Amino acid sequence: MNKQAGGSRLYWSLIAFGDSHMHIAETERGLCYAGALGEPFDEMAERCTRRFGRIEWIRDDERMKRYGSELAEYAGGNKSLFEGRLDLCGTPFQLRVWKALLDIPFGETRSYADIAKAIDSPSAVRAAGTAIGANPVLVFVPCHRVIGKNGSLAGYRGGLPMKKLLLELEDRAAHSNTGVHLAMGSSR
């Protein structure tokens, strides 16, 4: 864990995504949280507090605007890789799994077994699934690109409707260069 005795300063904002929204937060080191669509602020606060301990929350829409811009480019089919820094904290196994997720190309999917093989732990399919479910930075670390071996959507921390939306968005972007409009929000 990356808890600091004196508390941590986290910058946050709310990004509109179609008819919903997504909370995001970053440390000085990079993006540390991107939530599920429609998820309340309290969910982000609880997850980040478990990681960082006492937090000084600073809403800074201007600072966080670059993430909204990157998501808008992604949704519009104009960006397949995010450029911002990530501040991920997990076990060595989780970090290997999350790195494997970052290696899945835009518009493609992999199975849980593929991820386990990619990290040289082919028998750790279930553990890889657990690590994928613990991903704190949805979309930016594309765990939505992992599906069941039989092609089913399987689980997703953001919910299956969000997973389906993201996969369809990438499929449309790969084939027609159209997407969903994203913008910075103004409510908590």
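Just so we're clear, the structure is a prediction, and the values are computed from it rather than from any experiment.
Using a 4.0 Å cut-off between charged nitrogen and carboxylate oxygen, D61 and K65 do not count as a salt-bridge pair. Residues R51 and D87 are paired through a salt bridge, judged by an N-O separation under 4.0 Å between the basic side chain and the carboxylate.
Across R110 and P105, no two heavy atoms sit closer than the pair NH2-CD, 3.5 Å. Listed here is the closest heavy atom pair of A113 and K149: CB-CE, 4.2 Å.
Side-chain contact check for E39 and H21: no donor-acceptor pair (N or O, by modelled atom type) lies under 3.5 Å. No donor-acceptor contact under 3.5 angstrom links the side chains of R63 and S13, judged on distance only.
Between F106 and Y74, the ring planes lie perpendicular to each other; the angle is over 60°, past the 30° to 60° tilted range.
Taken from OG1 in T91 to CH2 in W98, the straight-line distance is 7.0 Å, to the nearest 0.5 Å.
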### Task
Would you check, one step at a time, whether the test side chain to side chain contact (heavy atoms under 4.5 Å, CB included) holds for E73 with E83?
CA-CA 12 Å; E73 289 181 55; E83 298 166 9; over 6 Å; no
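Put simply, the residue from Y67, W12, Y11 that forms a side chain to side chain donor-acceptor pair (under 3.5 Å) with E26 is Y67.
Every residue was checked against the side chain to side chain donor-acceptor pair (under 3.5 Å) condition with D120, not counting sequence neighbours, and none meets it.
Listed for the K163 side chain is no donor-acceptor partner under 3.5 Å among the backbone atoms of G158.
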